[in-house]
Amino acid sequence: MTSHQILKQYWGYDEFRGIQNDIINSILQGKDTLGLMPTGGGKSLCFQVPTMMMDGINIVITPLIALMKDQVSKLKLLGIKAEAIYSGMMSMDIEKAYDNCIYGNYKFLYISPERLASEQFRQKMALIKRICMITVDEAHCVSQWGYDFRPPFLKIAEIRQIIPYDVPILALTATATPKIVDDIQDKLQFKEKNVFSMSFERKNLVYVVRETENKDDEMLNILKSIPDGGAIVYTRSRKLTSEIARFLISEGITADNYHAGLTDAEKDIRQINWTKGRNRVMVATNAFGMGIDKPDVRVVIHYNIPDSIEAYFQEAGRAGRDGQTAYAVLLYNRKDNTTLHKRIQETYPEPEYIKQVYEDVCCYLQVGMGEALGRTFDFSLDKFCIYFKHFPLLAHSALCILSNAGYIDYQSENDFKSRVHIIIDKDELYLLDNNYPAMDNLVNCLLRTYTGLFADYTYIDEMLIAHKTGLNANAIYEMMKELNNRRIIDYIPKRNTPTISFTTRRIEAADIVLSPMVYETRKQEYARRIDEMLRYASDKQTCRSKLLLHYFGDDKSHDCGRCDVCISVRRKRKDKELIKKEEEQKKDIRRAIIEHLSDGQAHPVTDLNKLVVPRKQLSETIHQMVDEEEIISQGEYIRLTKSSSKLK
């Protein structure tokens, strides 16, 4: 089948968009390929389509656990075999996923970069019959110059070395400067440079910075002035999402909030309500982004300033995907400068503090010296901080740095799947008298979808069941609980629990080494990106679009003519032209007055009304000439002064 036939059969599209087809053809030719595609550019099809045309499995490396779960679920709905392995999974589930990929003719294995260093992963890769390609999503994470550098990505090049045959690699990212583009290809050991890039210019997107001391009022005015279509308000904290949503509702604007702390069911319901227009505004943290396919978002407002242009550009780009005019508005005041610079120390606390957090974590989890290699622990950051008197934000940052340094694998957001075990035998199950058709539908779906339910606990996906039964996730959860209470099944609902896995044996805190790539260089880069973001917010001379495109290496960009800076410059230019025109007009009137009074005699003021000039400017010019003693006013008569006569 051709790529277009695959596209039509599985995804229902007739044509590819932008550079999708170019990237697909490059991979099919066995070339290492880097694709630069802005948010909404359709990155997933660039590796999913060619995989369906090739013999073997695609190893998809992504740091976004929510993304891999979402894509695996969607691929399964299309009848495509796919698995995912990520931190926090139980060992039996990891083994099952590997076995499926080795023996089950699977097409996709999504895996988190932290897994690449494990001996288990490398042993299993050797058993897979054929790997057709390696896909690296969020490829900017491989570059130490990127805004989200993750050291485990550097292991990708090693994986290429253990595969005994040539396998093309496809790297994809939505944000990369020229320096990062080169670094990605170098770190992934491209055989030759090969980059496909879509223009980052969004001609329909109007970038605006509003400098204001009252962000609530400014946000409200913006939303009321753009009454049509959906809107997103991005903010830094979960608490603020709730507060702003309540504020908007009190002002008559339908709104909801979204953040990583919500359950999957809550996230799905809120996103569906927003997508379908039941709620106009989604107030969210940066957790809201994956899977947004609402085309008519008319405005994206950043209530808090992001800490990098990359993050801002990606989030702002969720407006106007239908090609119609949309607005990306950043609310800014001088206090943001202090707030952003404070984040540098919050994100990169002092090395001694990081070592102390490591020591305290080991004590909290009761890990002895030289122990815990390969062990995973549930971890409550709040309880830990209360016990050891740490500030949660600083402790979280320290744990992230320790994770990047390779001492632990810290997962702050971890979803553990629901499990079900049917505890009555088949005959009893079929004899049950159930007058609840929806529950019958649920039980039948479980039996059709999963095997081994009578033998042991089996992991289930409520969203997949919801899709197959037509029921919503909350209804399924309540019915599962009822079946559990009736002792028909044992049901262990999914949970979201942070974890810490030890990737090395516990060592003395004093022996921890934070390399420049993990700490000092990263801290300097972070500070530089903050300065670039503040420059964008405070610059009142450079076109917003031009400034953003220049940051990403497009030096040929032109003024957009629509952003707040372009409009302000044009208005000032018009004001200058108007002032100049008025000055010239006054000079002409002055010369006409002098010409009319050139005989040196006194003339009635009313005689000047014969001049064909605007009356307002005439009156102003007469008063100015009197003040400057060019003419003398004598009651209802005026005449030139002797000095003015000589000037004439």
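Throughout, residue positions are numbered sequentially from 1 according to the sequence presented. All values reported here derive from a predicted model rather than from experimental measurement.
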Run E192 and K31 through salt bridge (Lys or Arg N to Asp or Glu O under 4.0 Å) and show every step you take. CA-CA 8 Å; E192 60 182 7; K31 297 179 180 179; 5.3 Å; no
I would like to know whether Y13 and Q20 meet side chain to side chain contact (heavy atoms under 4.5 Å, CB included); could you show each step before the answer? CA-CA 13 Å; Y13 301 124; Q20 285 177 330; over 6 Å; no
From R298 CZ over to I232 CD1, what is the distance, rounded to the nearest 0.5 angstrom? 11.5 Å
Pair E520, K523 - check salt bridge (Lys or Arg N to Asp or Glu O under 4.0 Å), show working. CA-CA 5 Å; E520 193 57 44; K523 185 176 182 179; 5.6 Å; no
Decide salt bridge (Lys or Arg N to Asp or Glu O under 4.0 Å) for K215 and D336; before the verdict, give the C-alpha distance in whole Å, the side-chain angles of both, and the deciding distance to 0.1 Å. CA-CA 12 Å; K215 292 188 176 184; D336 290 324; 3.1 Å; yes
Heavy atoms only: give me the nearest V300-A319 pair and the separation to one decimal. CG2-CB, 3.6 Å
So, T254 versus N279: side-chain donor-acceptor pair below 3.5 Å or not? no
With distance as the sole criterion, is a donor-acceptor pair present between the side chains of E620 and Q624 under 3.5 Å? no
For the CZ atom on R535, are there more than 12 heavy atoms of other groups (residues, nucleotides or ligands in this structure) within a distance under 6.0 Å? no
When you check the side-chain N and O atoms of R236 and T339, is any donor under 3.5 Å from an acceptor? no
Distance alone, cut at 3.5 Å: any donor-acceptor contact between the side chains of Y551 and E310? yes
Ignoring hydrogens and angles, state whether a donor on the side chain of R246 or N257 is under 3.5 Å from an acceptor on the partner side chain. no
Taking all atoms of both residues into account, what is the closest heavy-atom pair of S3 and N21, and its distance? OG-OD1, 3.8 Å
Y303 and D216: side-chain donor and acceptor closer than 3.5 Å? yes
D531 and H341: side-chain donor and acceptor closer than 3.5 Å? yes
Please determine whether the number of non-hydrogen atoms from other residues, nucleotides or ligands lying under 6.0 Å from atom CZ of R210 exceeds 12. no
Any idea how F288 and W274 line up, ring-wise: parallel (<30°), tilted (30 to 60°), or perpendicular (>60°)? perpendicular
Close side-chain approach of D539 and L547, heavy atoms under 4.5 Å: yes
Any side-chain heavy-atom pair of V209 and Y207 under 4.5 Å: no
Could you tell me the separation between the CD atom of E583 and the NZ atom of K580, rounded to the nearest 0.5 Å? 11.5 Å
Go through it in stages, so that I can follow the logic: the residues are L597 and H603, the test is side chain to side chain contact (heavy atoms under 4.5 Å, CB included), and I'd like the CA-CA distance, side-chain angles, deciding distance and then a yes or no. CA-CA 7 Å; L597 302 178; H603 290 258; 3.5 Å; yes
According to ring-ring contact (aromatic ring centres under 6.0 Å, His included), does anything in residues 604-638 pair up with another residue at least two apart or in another chain? List the pairs. none
Measure up the Y353 and H390 rings against each other and bin them: parallel (under 30°), tilted (30 to 60°), perpendicular (over 60°). perpendicular
Nearest heavy atoms of A316 and H302, plus distance in Å: N-CE1, 4.0 Å
All ring-ring contact (aromatic ring centres under 6.0 Å, His included) counterparts of Y536, not counting sequence neighbours: Y312
Is any side-chain heavy atom of Q585 less than 4.5 Å from a side-chain heavy atom of P614? yes
Please round to the nearest 0.5 Å and tell me the distance separating atom CD of E138 and atom OG1 of T173. 6.0 Å
Roughly how far, to the nearest 0.5 Å, is CG of L394 from CG of L399? 11.0 Å
Measure the spacing between OG1 of T177 and CD1 of I309 and express it to the nearest 0.5 Å. 11.0 Å
Under 4.5 Å between any side-chain heavy atoms of S545 and C563, yes or no? no
Atom CD of Q601 and atom CD1 of I638: how far apart are they, to the nearest 0.5 Å? 13.5 Å
Could you tell me whether D137 and K43 have a side-chain N and a carboxylate O separated by less than 4.0 Å? no
Kindly indicate whether the side chain of I305, heavy atoms from C-beta on, has any atom under 4.5 Å from the side chain of Y332. yes
If you draw a 6.0 Å radius around CD in Q634, do more than 12 non-hydrogen atoms from other residues or ligands fall strictly inside? yes
Below 4.5 Å, heavy atoms only, C-beta onward: do E350 and Q345 meet side chain to side chain? yes
Over 60° means perpendicular and under 30° means parallel, so classify the ring planes of H4 and F16, tilted if in between. perpendicular
Evaluate the side-chain proximity of L393 to F391: yes if any heavy-atom separation is below 4.5 Å, no if none is. no
